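Below is one structure; the comments refer to it alone.
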Number of protein chains: 2
Amino acid sequence: MAGVDEVLNAVDAGLDASLARLSDFLRIPSISTDPAYAAACRQAADFAAEALTGLGLAATVRETAGHPVVIGRTDTGAARRVLFYGHYDVQPVDPLDLWDSPPFEPRIATGTDGKTRIYARGACDDKGQVSTFLEALRALKTVQGKLPVDVTVLLEGEEECGSPSLPAFLAANAEELKADVALVCDTGMWDPQTPAITTSLRGILHTEFTITGADRDLHSGLFGGAARNPIHVLARILAAVHDDTGHITIPGFYDDVAEMPQAVRDAWNALGLTPEAFLGPVGLSVAAGESDRSLIEQIQSRPTFEVNGIYGGYQGQGSKTIIPSTATAKVTMRLVANQDPAKIAAAFKDFVQARLPADCKVTFGKSEGSRAVLVPPDSPDLAKARTALQAEWGTTPVAIGSGGSIPIVGQFKNVLGMDTLLIGFGLDDDRVHSPNEKYDLTCFHKGTRSWVRVLSALA
Amino acid sequence: MAGVDEVLNAVDAGLDASLARLSDFLRIPSISTDPAYAAACRQAADFAAEALTGLGLAATVRETAGHPVVIGRTDTGAARRVLFYGHYDVQPVDPLDLWDSPPFEPRIATGTDGKTRIYARGACDDKGQVSTFLEALRALKTVQGKLPVDVTVLLEGEEECGSPSLPAFLAANAEELKADVALVCDTGMWDPQTPAITTSLRGILHTEFTITGADRDLHSGLFGGAARNPIHVLARILAAVHDDTGHITIPGFYDDVAEMPQAVRDAWNALGLTPEAFLGPVGLSVAAGESDRSLIEQIQSRPTFEVNGIYGGYQGQGSKTIIPSTATAKVTMRLVANQDPAKIAAAFKDFVQARLPADCKVTFGKSEGSRAVLVPPDSPDLAKARTALQAEWGTTPVAIGSGGSIPIVGQFKNVLGMDTLLIGFGLDDDRVHSPNEKYDLTCFHKGTRSWVRVLSALA
């Protein structure tokens, strides 16, 4: 059988054809959150299924309550099976006037820095990243006649709107989807020279709550001084969540927080990420979290409490002299292992109730959450992937945490009993979710080569 | 000349026509704080000027930097002249969905308690109250051929947004506006059976401020824990304004607060206003202000700090995982003698600045304010008005303080050298500034009769 080098040569030789296929994928405006694009989402699902069929996978488009899921699989009796997860849907494109070229007309251009990039909505997130995997399959199949492992590909169409249909699909098709390890290509590199494997993801807990005082808005002159103001109550509750050192004071909040091993913290801190470098591009310069933690711990391995939105009373021009009836805060907490979203949600409700003065009521919105995910640092598959990435990039890959949340990864572990390797080739400046999204051709090309090496190593 | 009883009979006979005129006035959406309603404010001014002309006054609509002022006057050479002040502008109507009928489509309805009321924005504050005076003039003029005193009517269109143009107008037209006493109909009764003359008013200070963190909204997963959240900063500042006993902690805030004489406090406390009675109708039961003050002091003679509105970040359905760039609070403080609005505004800015963490900026909106007002308790006109009200209502009127603010009253004293009689017929449950504002027809009817008696008594 032909060796890995020949497969890599085939990737190189086929780059233009690979880009042409990616461009066709990018031309489909599969914006999942907007019902106006439902047909485009189905078109993207059909496109992906055809691509999988073309690679010799048994591919099906499967109905859900929302946009369909695409499944493709090989069953060659290989010793090992991987489950690859990605998504064919994309974010909305507004504000359209900030795009330099139409978001669904892919454009390849070379910048003044000499780097060539493909520009389109989804160029990176996630059509470009998914395509690195599909093109690696193509090269492996073409050169070696078969894949080094059996593969199940799972592409969903609702990642950009919260994956509402996926948990039920996963539970209903658990046997079909089981594999030895899951692979996800929806994360980033450490920098343009250094690949990364994301080994932890924070969990998330969404909630919102409304404080109600009087049963109507009151005149702040006639009632001011005697009537409880729910904005004041809300402010006092929110102000009490963090102490002066940035720690969260909700009783029990840190009880189940697992510390990263010192070796991991040392490795992170050795990356030397400074507040100036990380926060400078958004106009900040001071790490504002727990004062006894480094910035990289604050964003990767420590839980957070953030108010995402607040409102109450008059918000128009000028002033309105009222004591409002209600005030509301929308909150998300990022969780780390081993915090339980349900337990934290209950602790937070108790925290609010304990601070509720006489005469005030509180109502909570639905609390929804997912646990944090940790990839075991000693997994043999992780070691194999590292070696494969090192061979491709000539740089030692770094293991990083992501402060973001990819709930499906927790479900792979909890429902299917699988660990996940999160390997992606996005860069910090790819403008995912923003106008002029792009993917560097180097990332696309070497990302494809990386998957050839990783899949061969996992065999 | 026909006597007062014949005038009162004319008021009774003309009630339906009076209500029809009030309804026409109420149909004009003269929301002064919102520039979108500027044309409606002018329409209301024109409407008022025509009404004054119809009563035989020389009426003019006078330009200001903001909404116009309406002036009407008689010059019959009567022994005395009164200056009547009111306003034709109204508060905003949001939240619109809480109104049982459209706020600018006046509705007259009889409740299960047998009382008939008119519902609309401005039904009480201040179009209904102003109309009691205008309808009294109409009956006096119709029955007696002339008014018992010369009258200057001054109606402004910016009372609900802080009267920014009025001080300059008053100063520029001082000679024209001088009178023996000023009358204001923008206050309330003690209870539905007991009229009141308001002898003290709190001052007011409006301000708003915005905290800015990052220069854009940030992903709360990627940045959460490290990036300063301006909502948290705002909540901490607002939470620090009151201590646990309800006192305001802004340095110097109480320095110039004058205590009411013990006799006044004794008289107030003798009224026996309980938290249950005052707050019960709005769904509250506990006096939430300074814990060492009675409820009546909390609302009449003690200064306050109230957040009238707050907003920042995402406020739509569901959740959006952002750390917002900005958060804003709209604030009013009620001031008592001898607090200086400018001094308090400066103290508040210092208070905010002192609590601003690194990386955050604050911007303040315009700070506008007026001092508190005290009416001399021994004025002969006050005694005449008391007797007139006693005759109409059959109950001894009480002298009360108002927690609200009518900045013009201080200017009448300071610029024109006039004391003011504050006589109004609003009730605590009129929902001024709230959805479903109403005015009891008894208040409208007997209020009109009261002015007939008061004007006759002042002659």
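Residue numbers begin at 1 in each chain, while the letters A, B, ... track the order of the sequences. Please read all numbers here as calculations on a predicted model, not as lab measurements. Every heavy atom of this structure was used, including side-chain atoms; hydrogens, water molecules and symmetry mates were not.
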Give, for atom CD1 of B/Ile310 and atom CG of A/Asn229, the distance between the pair rounded to the nearest 0.5 Å.
9.5 Å

With chain A, which of B/Gly289, B/Gly313, B/Ala288 has the greatest number of heavy-atom pairs at distances under 4.5 Å?
B/Ala288

Minimum heavy-atom distance between B/Val286 and A/Asp359, given as atom pair plus value
N-OD2, 2.7 Å

Looking at chain B, which one of A/Glu290, A/Glu208, A/His242 has the largest number of heavy-atom pairs inside 4.5 Å, strictly under?
A/His242

What's the verdict on salt bridge (Lys or Arg N to Asp or Glu O under 4.0 Å) for A/Arg216 and B/Asp429, showing C-alpha distance, side-chain angles and the deciding distance?
CA-CA 11 Å; A/Arg216 69 201 71 171; B/Asp429 66 353; over 6 Å; no

Contact class of A/Arg302 relative to chain B, heavy atoms under 4.5 angstrom
neither

Side-chain heavy-atom pair B/Ile31, A/Lys320 within 4.5 angstrom cut-off
no

Could you report the tightest heavy-atom contact between B/Thr304 and A/Gly224, atom names first, then the distance?
CG2-O, 3.3 Å

Residue from B/Ala226, B/Gly162, B/Gly283 scoring the most non-hydrogen pairs under 4.5 Å with chain A is B/Ala226

Could you give the distance from NE2 (A/His232) to CD (B/Glu306), rounded to the nearest 0.5 Å?
4.5 Å

When you measure from the side chain of A/Arg228 to the backbone N and O of B/Leu284, does any donor-acceptor pair fall under 3.5 Å?
no

Give the minimum heavy-atom separation between B/Ala239 and A/Ala235, together with the two atoms involved.
CB-O, 3.8 Å

A/Glu276 atom CD, over 12 foreign heavy atoms within 6.0 Å:
yes

Contact class of A/Ile204 relative to chain B, heavy atoms under 4.5 angstrom
side chain

Portion of A/Thr332 that has a non-hydrogen atom of chain B nearer than 4.5 angstrom:
side chain

Provide the closest heavy-atom pair for A/Arg334 versus B/Thr321 in the form atom of the first, atom of the second, distance.
NH2-CB, 3.4 Å

Which one wins on heavy-atom pair count under 4.5 Å against chain A: B/Leu295, B/Ile296, B/Val282?
B/Val282

Counting heavy-atom pairs under 4.5 Å with chain A, the top scorer among B/Pro324, B/Gly403, B/Pro435, B/Gly312 is B/Gly312

For chain A, the option from B/Cys161, B/Pro92, B/Ala287 that forms the most heavy-atom pairs under 4.5 Å
B/Pro92

Could you tell me whether the side chain of B/Asn308 and the main chain of A/Ile322 form a donor-acceptor pair under 3.5 Å?
yes

Residue A/Glu297 versus chain B: region with a heavy atom under 4.5 Å:
neither

Between B/Leu218 and chain A, with a heavy-atom cut-off of 4.5 Å, which part of the residue counts as in contact: side chain, backbone, both or neither?
side chain

Could you measure the distance from the NE2 atom of A/His219 to the OG atom of B/Ser402? Nearest 0.5 Å is fine.
7.5 Å

What's the shortest heavy-atom distance between B/Gly221 and A/Arg202, and which atoms?
O-NH2, 2.7 Å

Separation between NE2 (B/His433) and OH (A/Tyr314), nearest 0.5 Å, reads 12.0 Å

Measuring heavy-atom distances to chain B, does A/Pro281 have an atom under 4.5 Å in its side chain, in its backbone, in both, or in neither?
backbone

Steps toward side chain to side chain contact (heavy atoms under 4.5 Å, CB included) verdict (A/Asp244, B/Arg236)
CA-CA 10 Å; A/Asp244 289 342; B/Arg236 286 174 79 91; 2.4 Å; yes

Could you tell me which portion of B/Arg293 (side chain, backbone, both or neither) has an atom closer than 4.5 angstrom to a non-hydrogen atom of chain A?
neither

Under a 4.5 Å heavy-atom cutoff, which of A/Ser319, A/Pro303, A/Ala358 has the most pairs with chain B?
A/Ser319

Distance (rounded to the nearest 0.5 Å) between A/Leu222 CG and B/Asp428 CG
7.5 Å

Quick check: closest heavy atoms across B/Thr33 and A/Gly318, and the distance to 0.1 Å?
OG1-CA, 3.4 Å

If you draw a 6.0 Å radius around OH in B/Tyr37, do more than 12 non-hydrogen atoms from other residues or ligands fall strictly inside?
no

Among the options A/Ile299, A/Leu238, A/Thr207, pick out the one with the most heavy-atom pairs lying under 4.5 Å from chain B.
A/Ile299

Between OG on residue A/Ser220 and CE on residue B/Met333, distance to nearest 0.5 Å:
11.5 Å

